[in-house]
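See structure below.
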Amino acid sequence: MNTTQRAALIRAYGDASAVELAEIAKPEAGQGQVLVRVRAAGINGIDWKVREGYVRDAFPLQFPAVLGVEMAGIVEAVGPGVTRFQIGDRVMGPVGGLGAYAQFVAVNEAILSRTPQQLDDVHAAAVPLAAVAAWQSLHHAGPIRPGQRVLIHGAAGGLGGYAVQFAKRAGAEVFATAAAADADYVRGLGADHVIDYRTQRFEDIAREIDLVLDYVGGEVLERSWQVLTSTGAIVGTTSPEILARTPAGRRGLWFINQPDAALLERLAAEVANGTLIAKLSEVVGFDELPAAIERNRTKPHSGKTVVDFSR
Ligand SMILES: NC(=O)c1ccc[n+]([C@@H]2O[C@H](COP(=O)([O-])OP(=O)(O)OC[C@H]3O[C@@H](n4cnc5c(N)ncnc54)[C@H](OP(=O)(O)O)[C@@H]3O)[C@@H](O)[C@H]2O)c1
């Protein structure tokens, strides 16, 4: 039996060259865990933030550290106490930390969802983090009421694409910032007003906003306070600095997503039956992982990039 596996890992924080494709020991399923044979994994902004060491406080690492936070695959083995899954089941989800960019990963069964039959693994791997984080961040400041005005920054991105759809369904009037090239895509998801962030100032178009979802951060956050109603809130996903940068008397909330297997199962079923659009912009092979992680940082993109382990 083969006791080693291929993985994309870092041995120290660094730039794109820090990511190494290496042979390491295959993990075992512990108490309450299943061992998943990974077939596809989703690429996220958190990958290069971890690589660079930007989130070393939130994600303290032991090196070498295998990157990757979400995947889809098949149950290879079950650990003691596992009740929900059997060998051969197709599963998808976050891995509960890092480790998805390996041929095998041991994951607590509680955070995994069954992959819908009609959803292939590459498409399934694009869903877990972004869909659940978009849903949770949209509702983080309280329930959305019909007629509320919601501004979504980074609407063409992984989280943004889902958030536009969820906000529209909840009856909100949706303002969305995106590059001009992505305007039709974002409008097709349900945005009422699409603002080209490169040529237009969102402050001139979006006013009296009840909720800002900030999936971009930096100066976009700074400029967003002025578009809020007096009771409006900004939910930030990019950095906990939002807490220190919230002006007195305003509502600025830092969001951290939580695994929710039942929510993911429901959202994945919607993706499978076509009622929730999940855009896959790029599929890469395992050997392309280091470059694809770097492209998430440097290159304009909409939707999600997935690594297909069969390539
Ligand atoms: N706190 C949490 O629990 C949590 C969970 C998930 C994700 N996140 C974070 O949330 C953020 C969004 O994640 P994601 O996966 O959706 O990222 P993503 O797929 O990289 O999307 C970001 C989008 O923002 C767009 N953008 C860049 N600058 C912009 C600007 N000035 N105005 C408007 N849009 C702009 C990009 O468009 P272009 O293509 O034109 O550059 C891209 O489409 C990341 O920082 C990620 O790390 C946090």
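Atoms within a ligand are numbered from 1 in the order they appear, just like the ligands themselves.
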Q: Could you tell me if any non-hydrogen atom of Arg198 lies under 4.0 Å from any atom of ligand 1?
A: yes

Q. For Val220, is at least one N or O under 3.5 Å away from an N or O on ligand 1?
A. no

(Q) Does Ile43 form a side-chain contact (heavy atoms from CB on, under 4.5 Å) with Leu289? I'd like the steps, not just the answer. (A) CA-CA 9 Å; Ile43 290 177; Leu289 244 176; 3.9 Å; yes

Q | Option with minimal heavy-atom separation from atom 7 (C) of ligand 1, where the choices are Leu159, Ile46, Thr238, Ile152 | A | Leu159

Q) Is the closest N or O pair between Tyr215 and ligand 1 shorter than 3.5 Å? A) no

Q: Please write down residue, atom name and distance for the protein heavy atom closest to atom 30 (C) of ligand 1.
A: Tyr197 CD1, 3.3 Å

Q. Would you say Trp254 contacts ligand 1, with heavy atoms under 4.0 Å as the rule?
A. yes

Q | Salt-bridge criterion met for Arg114 and Glu265 (N-O under 4.0 Å) | A | no

Q.
In this structure, does ligand 1 have an atom that sits under 4.0 Å from one of the heavy atoms of Ala130?
A. no

(Q) Angle between ring planes, Tyr162 versus Phe166, binned at 30° and 60°: parallel, tilted or perpendicular? (A) parallel

Q.
Below 3.5 Å, N or O to N or O, backbone or side chain included: is there any such pair between Asp182 and ligand 1?
A. no

Q | Residue and atom name of the nearest protein heavy atom (relative to atom 19 (O) of ligand 1), distance in Å to one decimal | A | Gly158 N, 2.9 Å

**Q.** Contact check: Phe255 vs ligand 1, nitrogen or oxygen atoms, below 3.5 angstrom
**A.** yes

Q) Judging by distance only, is a nitrogen or oxygen of Lys49 under 3.5 angstrom from one on ligand 1? A) yes

Q.
Using a 3.5 Å cut-off on N or O atoms only, is Asn257 in polar contact with ligand 1?
A. yes

Q. Which of parallel (below 30°), tilted (30 to 60°) and perpendicular (above 60°) describes His193 and Phe175?
A. parallel

